[in-house]
Enquirer: 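My questions all concern the structure below.
Numbered from 1 within each chain, the chains take letters A, B, ... in sequence-line order. What you see is a predicted model, and the numbers here were worked out from it, not measured in a lab.
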Amino acid sequence: MAKIIIDNKEYESDESKNLLEACLSLGLDLPYFCWHPELDSIGACRQCAVIKYKDEDDTKGKLVMACLEPVTDKVRISLEVDEAKQFRADNIEALMINHPHDCPVCDEGGECHLQDMTVMSGHNYRRYRFKKRTHTNQYLGPFINHEMNRCIQCYRCVRFYKDYAGGKDLDVFGAHDDIYFGRHEPGTLENEFSGNLVEICPTGVFTDKTLKKHYTRKWDLTNAPSVCHNCGLGCNIIASERYGGIRRILSRYNGDVNGYFLCDRGRFGYEYVNSKKRIQFPFKKQNNSLVQIEKKQAIQEIRKVAEGKKLIGIGSPKASLESNFLLRQWVGAKNFYAGIPETEGKLIQKVIEIVKSGKVNVPSLNEVKSYDAVFILGEDVTNTAPMLALNLRQAVRNTPKEQAAGLNIPVWNDAAVREVVQGNTGPFYIAAAQATKLDEVATQTYRAHPDDVARLGQAVAHAINPELPETDCSKEAGKLAESIAGALLDAKKPLIVAGTSLYSRAIIEAAANIAFALKEKEKDAGLFYVAPEVNSVGLFLISDKFLDQAFENVNQNDDAVLIVLENDLYRRTDKNSVDNFLQDYNDIIVLAYLENATTQHATYVLPAGTFAEADGTVINNEGRAQRFYQVHVPENDVESSWKWLQEIMPVGTAESTIHFENIVYNLVKTFPDLEGIQSVAPPADYRKGTQKIPREPHRYTGRTAMHTNINVSEPKPPEDTDSALSFTMEGYSGIPTAAITPFYWSPGWNSAQAINKYQIEVGGELHGGNSGVRLFDKKNSNIGYFKNITKTFSPQKGEWYALPLYHIFGSDELSAQSPAVNERLPKPYIALNNSDAWEAGVKEGDLLGIVLQGETLKLPVKLNTGLTKGTIGLPKGLKETVGTRFPFWITFKKIKDE
Amino acid sequence: MFSNLRSLWIVFLHLFRKRETVEYPEEKTELPARWRGRIVLTRDPDYEERCVGCYLCAAACPVDCISLQATEDENGRRYPEFFRINFSRCIFCGYCEEACPTYAIQLIPDFEMAEYDRQNLVYEKEDLLIEGQGKYHGYNFYKEAGVDFGVKKKGEGENENKPVDVRKLMP
Amino acid sequence: MNEGVLHTLVAFGILVVLLTIAAGLIWLERRLLALWQDRYGPNRVGPFGLFQVMADMIKIFFKEDWIPGFADKKVFVIAPAMLVITILMSFAIVPFTPEIMVVDLNIGILFFLAMSSLGAYSVVLGGWSSNNKYSLLGAIRGAAQMISYEVFMGMSLMGVVIMAGSLNMTDIVIAQKKMWFIIPQFIGFVIFFIGGVAEAHRLPFDIVEAESELIAGYHSEYSGLKFGLFFVGEYLGITLISALITTLFFGGWLGFGFLPPVFWFLLKTFAFIMVFILLRAALPRPRYDQLMSLGWKILLPLSLLNLLVTGAIVLYFQ
């Protein structure tokens, strides 16, 4: 720790920081634009000027940019001295010269970093009377709105988009004061992290287009701390509501999970919540169609239907632990099925087994950035766990960055570090079934059938630990395995990434073997598994039965009632078996968010709450339990599934009346392993002082007018008995503990940058600790090596091995139903190996006919996807391929052009 | 003691003064133009709605009696989808007018808006929007702003240069 | 007609007249205050707004008869009634004319003093039973104020009693045939007037209510008809004090021959009622401690002095 003297007051600060970070960490208000805790300093905006003095006697000092000055012991600076203040005021006046008179119609207004900094710097009167520079805008796709006039040339956007996220299609053009940030031509921003430009841009150049369509100011939003439900990583989000609709998603900082950022699926895939297809009231099947009924009637009838009958429950990886558990308690453990087919479920169980063993470190998502060698097995992370891809891109730079450290360049000096690093990357190996987006930063890639990917993994493990069984692979692969093993052993922190997406148990085992072997070599190895859905891990911690078993057992219980929880079975497995299964039940109760194929077969449909209307706990891929909170109380009958289950349970059942926390308590009693979930969130009776934490900012408007179109007498605001949050603006107005922070705001800091005030030090932990509890940090079993080695894949003549190809937009069921994401869905296709295509005589775009689930599909051919010979790829989860159980063998037929 | 007697005497003398009361319904006073009465939404010189749905009036309102939702037309022009003032809560403080960056919301010298039913004091946009410009003439926000929402092209507004040609090579 | 029936009729007549006057005073006060403040006051309901009182009465009758849940119910109900009863009882000894009076008591003044002491209970009990801190504060102030001012109010009357040689009200009026007692007993009059204002807890001595400090003081929790009783009680109090001033210092019904005695009595009484209202229009409320020190440090010695001097002079001339 170094002593620094700011305005004649002594403070302590970390020497690895720059002065701007130090000032902000100390809670001092120093304006800045181009600096960002993740992007570090380049000194482009000149806003954080301070006066630095040589020593005590120096009265003049010199003007320096705080973001480019290191913290050194006894450094003496002044923020408040007139020269510094005047410089900052003049600088912002210059930045504002061409800034348009747009604030009233600008979506950034009210949460604009430029507004905040202008006020902070004291520039309040426009002296410049001449004409303003203008720019034309570009269409940037369905996510981002472009308004170039507002730009202040801080370069944050390109630094994030190009340098940080690896985007190719956003750049800076022009010269002097004509500088333009945009694409080379109007078009959709292709990078998966483009949404972060909304938060990165200090003003309104890049704004959220989905928010624009139903615009609401930040101060009018009812917010809740939530967890993204669109993949298995469990990134933290702030979900915001106004007038009964979810208006936008912002990243909620969590130093252990997503850090500052979010992927576009997470940010823009929320609108299904407001969908017209949303089930808002209970429905009952009458004359083969669903008819809306009263809630009371639904509850009474369902109770009558279920009375005394055997109940079968199907859980869901999209539903919270509490909902799944309550269903399990009601129907009985032996009648509760996980709602996932065996092929996938077994893999998740395997992942849990390995992660739970605690044999190697399972890093958190954010920790991934600190690894210096990476080996990915089989996973296309950009599409299956996008935020992981973003963090891996940072990990790639760790080895070359050491060079900069050798040159005495501080790590935060971004421009200098990049100058040293150039395009160099650290050891980064990808073995996958097809080309992936991360290939561009990979040291070497290996494309093979999943079985061969696993074999390569086993070969690497063997190369690290020769005691492990040897794999006979091609010379080329053998050499690659050697070099991967070498690189991993050379690294300080090697990381192995694998997942369930290729439905290959061998890959999961091979990844574990490598990590175990590295661990034995005393390496600080990390093992990161990607889980498919938000609560996949949680679901298999409380159930061990698969959907297939439910299907098999069907005939034995003739007069049973089926309860399906937040799960569209037609997406899980093929149509025929689901049809057969559902046919055997007279009474099917479905709790669902949206109309889907399963609800069509239900006798009763109940409106289940999505993350926006429900409370619950989910467990992500690393075994981190996180709580998500209800955002608002809707005016329809939508509520948490566990509440619905409590209501339709027979009267007098112990579980039917208990409080949320008692459900968690019972859950922990049944599954002692999950003990940690009790401390995921402060209890419902937690108060800051005597107050609850308000979901609405204290400037929330329209309270006395928003409901008056219905009745001039204002209704009583809803109460939240399930958490320490309140649904109103009344309550504690300071900084609450991280797990229940519904939004970021601090006096003078209205933008998302107010997060600085919520962190103990900039970029560090939040006050009260990052939220979420890791359940598997205890080492509890000694798991051995996996010694089975799969056979190598051999292509079949006239038959192809179909593999799922994932898409960030489309493979996920719910986000794909959001209008903005829907615009980005890929067209269905069939991906072919180039030489296979040549042999079959098909070209890119030719139509091929395949038979999927008894239906013939005509799909255009897509080449150059890096698939190996003998495999084809089909997009996972699109309407055309939904319910297909990968992998399988398939033939195709060329369709002649008419 | 004496001062008490004196004030008694002075007050007593008021017996012979003229009364200040204006007997309202029979007799009416002239209200100044800036009198803070009924709130209206005005139109710009091109007869379009002035309100751009910026929510500043709602934010300024101390009793939170203004609620609106912004939406946009096919050109992107912002306007309120609904605009509601609950006059049973309004205290006619005029902060909304002060906050309005486009002169859209204005208080006019009309106060005769009593109702027997409180529900009738809830005014929607149709009730608030008037045909004219109100007190402030000639202002059209979209000509001053940088955005191109179909009112003027980029660079054609007040105080604007032609849009920059990014491809030009001149220094 | 039977003497007893006639007497009952007179008493009943007085009661009706008094209540009418008290109600009318509500209107009168509002009109007069308005006049002194350059306004109109109630002028819409009926001619000159005279029916305003009716409207108010109707309103007050139809208000919910509500007793707070935390109040002591019995006492809460009795308190306002007590105020009106004691004041009306006091009127029993007021000689409107030699013929029109309820009872010609030998101990008239004593009876009045006794009744007005009882009146203090109304304020104290009303404030106490409300179970509200503002009410209680009002009640405590009321108790202190009314008991203190009672002392020298009684003292100040002793000069009159000495001069008339009787406690009987009729005798006192007759004793003023030559000269109204205002002249020899000026100091007594001033003290009695101030004491009277305090006793009726009228402005400026309404610190038992003191709306700027205590909401509404002892009757904060009262509403509807019970509040109405306190309200009417206040105006009856004004009328009583005015009537007593008239009787004791201004020769009661005595006057010039061309008008009936009752007219003289009413004329004088109304003059004082208007003075009461003028006081309200003109003077600010003193602080509580100022009120108490005025009473004990100035008025009490002054009244004792007055008694001493009057006694001495009367003795000297005997």
Enquirer: Let me see the working for B/R78 and A/D107 under side chain to side chain contact (heavy atoms under 4.5 Å, CB included), right down to the final yes or no.
Expert: CA-CA 11 Å; B/R78 275 272 162 82; A/D107 292 357; 2.8 Å; yes

Enquirer: Under 4.5 Å heavy-atom distance to chain B, tell me which part of A/N711 shows up: side chain, backbone, both or neither.
Expert: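 A/N711 touches chain B through backbone and side-chain heavy atoms alike.
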
Enquirer: Can you check side chain to side chain contact (heavy atoms under 4.5 Å, CB included) on B/V147 and A/R150, steps first, answer last?
Expert: CA-CA 9 Å; B/V147 290; A/R150 299 170 186 158; 3.3 Å; yes

Enquirer: Indicate the atoms forming the closest heavy-atom contact of A/R129 with B/N159, along with that distance.
Expert: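 Looks like O-OD1, 3.9 Å.
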
Enquirer: Applying side chain to side chain contact (heavy atoms under 4.5 Å, CB included), run through B/V122 and A/N709 and close with a yes or a no.
Expert: CA-CA 7 Å; B/V122 177; A/N709 54 333; 5.5 Å; no

Enquirer: Side chain, backbone, both or neither: which part of B/C65 has a non-hydrogen atom closer than 4.5 Å to chain A?
Expert: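 For B/C65, heavy atoms of backbone and side chain both lie under 4.5 Å from chain A.
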
Enquirer: Taking the basic N atoms (NZ, or NE/NH1/NH2) and the acidic carboxylate oxygens, is any pair closer than 4.0 Å for B/E144 and A/K132?
Expert: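 Salt bridge between B/E144 and A/K132, a charged N being under 4.0 Å from a carboxylate O: no.
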
Enquirer: Checking A/N137 against chain B: side chain, backbone, both or neither under 4.5 Å from a heavy atom?
Expert: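 Both the backbone and the side chain of A/N137 come within 4.5 Å of chain B.
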
Enquirer: Are B/K162 and A/K131 packed together at the side-chain level, in the sense that at least one heavy-atom pair is separated by less than 4.5 angstrom?
Expert: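 No, every pair of side-chain atoms sits at 4.5 Å or beyond.
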
Enquirer: Tell me which of these, A/F173, A/Y700, A/W219, A/Y215, has more heavy-atom pairs under 4.5 Å with chain B than the rest.
Expert: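 The option with the most such pairs is A/Y215.
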
Enquirer: Could you look at B/R118 and say if it's the side chain, the backbone, both or neither that has a heavy atom under 4.5 Å from chain A?
Expert: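 Both the backbone and the side chain of B/R118 come within 4.5 Å of chain A.
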
Enquirer: Given side chain to side chain contact (heavy atoms under 4.5 Å, CB included), test A/H101 with B/E158 step by step and report yes or no.
Expert: CA-CA 10 Å; A/H101 183 55; B/E158 312 282 331; over 6 Å; no

